[in-house]
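Working notes for the structure below.
Everything numeric here is computed off the predicted structure, so don't read it as measured data. Side chains included, hydrogens not; waters and symmetry mates left out as well; all remaining heavy atoms used.
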Amino acid sequence: MLGNYLSFLLILSLLILLATLGSKWISQLPLSYALIYLIVGILLGSEGFDILQTQPNTALIERLTEFVVIVSVFGCGLKMNRPLHPAHWQITGRLIGILMPISIAATAVISHWLLEFDWGPAILLGAITAPTDPVLASEVQLDHLQDRDELRFSLTSEGGLNDSLAFPFVYFGLYWIQKGNPDNWFQKWVLVDLIWAIAAGIIMGMIVALVIHWIVRQLQRHQPIEDLMEDLVALGIILLAYALTEMVNGYGFLAVFAAGLTLGSCYQKRSDQHLAIIAVVEQFEKLLEIFVILLLGALLSIEPLFEYVSQAGWIALLLLIVVRPLGAWLSLLGSGLPNQTRWLFGWFGIRGVGSLYYLSYSLGKGVGQQVAEPLTWTVYIIVVTSIVLHGISTSTLMGWYHQKVETPASRGSE
């Protein structure tokens with residue numbers, strides 16, 4: 001047992017060093033870090049060298065993925081570099097307000113047909129796999145504060161928001177499974193899980209960020225706060241905004257995104273400090289990503305994969321290759337974007353840690369075994385398929401986009 005533990009620490013340390021010292025070399029390969037971590041995780045699990053022998057329970061996976069997501073959506077909020085005006089966020093609005101419901105509905109219909117899910121589990125699967133992943137999508141996100149590119153801005157804001165706004169639909173699916181007839185719960189869902197929870201998340205996140213930022217400024221008048229300590233204040237804001245919002249039955253993910261966006265706007269005249277906080281959050285995010293993807297790889301087993309891949313594999317391919325691209329193309333009609341950019345929006349529907357969180361959250365709410373097993377392996381297969389397909393294509397496609405489609409003015413100066 002001790003040998004396996006030390007072997008795991010050795011491999012983990014090598015991965016961390018690879019992700020830092022070898023970043024320039026890896027960036028030149030048609031591979032993502034997530035794909036590398038996934039392969040290593042499979043080798044560490046029961047289908048490989050069996051070094052990670054302990055199977056974590058659902059609650060542990062939920063808490064780990066939850067923390068990764070809140071750090072990541074906060075980072076997305078920090079990177080937002082546009083004023084809150086509908087004209088500047090219209091593409092994001094289309095992706096959230098049109099594309100995400102299309103994705104949920106289409107996935108529900110496909111899973112109802114292929115997996116013979118009842119409508120409750122089918123809608124739940126659609127909601128679980130709706131969020132695009134801000135953790136695994138760093139290559140397609142804003143990479144500096146002067147970046148004005150529409151593709152990167154909208155993918156970053158979409159990843160920060162739909163990881164939050166998928167929650168009402170997750171509740172919708174769970175209510176359908178547990179309570180049956182919508183007459184018994186639909187009004188409560190609209191008033192509490194849709195209107196109240198969203199409003200509470202936005203308001204609470206903004207208030208927490210503004211209050212903590214004001215306190216920091218007042219303290220700095222009397223005694224300077226070290227840069228490192230000010231950077232770590234961001235972590236306190238993340239946890240405080242999330243905890244307080246969840247206590248009032250709001251959406252903590254949305255609160256954290258709103259807090260990041262608000263804090264970023266407070267640092268408009270202090271770009272060095274703004275960049276420093278983004279760097280700290282990204283370091284947390286990258287470290288946590290290693291743990292989560294290693295864990296996913298170790299959880300994969302050949303027997304259930306083969307049992308469900310014939311049907312779940314079709315759902316994964318249809319979602320990633322048909323539903324997302326067509327939905328994005330339809331959602332962006334009349335947007336004025338070039339066709340190449342619209343299709344790239346369709347391709348970069350990366351699924352990952354957010355879906356793993358919503359899956360573990362749903363399993364913890366008492367979804368029956370008859371639903372839990374096919375639901376679990378279908379989500380695993382979708383996430384793994386996304387990691388593989390996007391892991392080998394993202395750097396190549398973004399390189400092509402940078403050379404052939406993106407305008408020099410949109411990139412700004414780093």
Side-chain angles (χ1 to χ4, degrees), residues 67 69-89 92-93 96 134-135 138 141-149 152-161 163-165 198-248 250-285 412-414:
F67 190 65
V69 172
I70 63 174
V71 170
S72 186
V73 297
F74 182 79
C76 289
L78 276 176
K79 294 175 184 176
M80 297 294 95
N81 54 10
R82 298 183 183 182
L84 285 174
H85 189 281
H88 298 292
W89 289 70
T92 303
I96 298 298
V135 182
S138 58
Q141 292 185 358
L142 294 172
D143 53 12
H144 58 91
L145 293 177
Q146 287 71 44
D147 190 344
R148 295 294 183 262
D149 181 67
R152 285 190 294 273
F153 174 83
S154 298
L155 288 173
T156 306
S157 54
E158 181 195 17
L161 284 169
D163 261 55
S164 314
L165 297 176
I198 290 175
I202 295 171
I203 294 170
M204 188 68 77
M206 294 175 66
I207 290 174
V208 168
L210 289 171
V211 169
I212 298 301
H213 180 73
W214 181 84
I215 291 173
V216 170
R217 297 279 75 80
Q218 298 308 307
L219 291 175
Q220 285 182 328
R221 291 182 177 182
H222 304 285
Q223 181 178 357
I225 298 176
E226 295 180 10
D227 287 343
L228 178 59
M229 291 298 101
E230 190 171 358
D231 296 343
L232 291 179
V233 167
L235 182 59
I237 291 175
I238 292 172
L239 299 177
L240 185 62
Y242 187 80
L244 289 177
T245 305
E246 290 290 320
M247 287 179 182
V248 297
Y251 291 134
F253 290 169
L254 186 57
V256 169
F257 178 82
L261 191 154
T262 303
L263 187 65
S265 67
C266 292
Y267 280 109
Q268 283 184 347
K269 296 181 179 179
R270 300 179 64 205
S271 59
D272 290 345
Q273 189 59 38
H274 193 175
L275 289 170
I277 295 175
I278 290 175
V280 169
V281 172
E282 287 181 340
Q283 288 169 3
F284 274 115
E285 183 183 325
S413 59
E414 299 187 30

dist Ile202:CD1 -> Leu254:CG (nearest 0.5 Å) comes out at 5.0 Å
side-chain contact (heavy atoms from CB on, under 4.5 Å) filter on Ala259, not counting sequence neighbours, yields Phe74, Ala209, Ile237, Ala241
- Item | Ile70 side chain reached by Leu239 side chain, heavy atoms, under 4.5 Å | yes
Here the pair of heavy atoms bringing Val73 nearest to Gly160 is CG1-O, 3.7 Å
Thr245 meets the side-chain hydrogen bond (donor to acceptor under 3.5 Å, both in side chains) criterion, sequence neighbours left out, with none
Sorted by chain and residue number, the side-chain contact (heavy atoms from CB on, under 4.5 Å) partners of Ile278 (sequence neighbours excluded) come out as Leu78, Lys79, Leu145, His274, Glu282
Separation between CE (Met206) and OG (Ser265), nearest 0.5 Å, reads 7.5 Å
Heavy-atom closest pair (Thr156 atom, Leu142 atom, distance to 0.1 Å) is OG1-N, 3.0 Å
Item to check | Beyond-backbone contact of Glu158 with Ile96, side-chain heavy atoms, under 4.5 angstrom | outcome: yes
For Thr262, the side-chain hydrogen bond (donor to acceptor under 3.5 Å, both in side chains) test, sequence neighbours excluded, returns none
Residue set satisfying ring-ring contact (aromatic ring centres under 6.0 Å, His included) with Phe284, at least two apart, ordered chain then number -> none
For Phe153 and Met80, the nearest pair of non-hydrogen atoms, with its separation, is CE1-SD, 3.7 Å
Taken to the nearest 0.5 Å, the spacing of Ser157 OG from Arg82 CZ works out to 8.0 Å
So CG of Leu261 and CG of Asn81: to nearest 0.5 Å the spacing works out to 10.0 Å
To the nearest 0.5 Å, atom SG of Cys76 lies from atom CG of Asp163 at 8.0 Å
For Leu244, the side-chain contact (heavy atoms from CB on, under 4.5 Å) test, sequence neighbours excluded, returns Met204, Val208, Leu240, Met247
In terms of heavy-atom contacts, Val71 and Val281 come closest through O-CG1, 3.5 Å
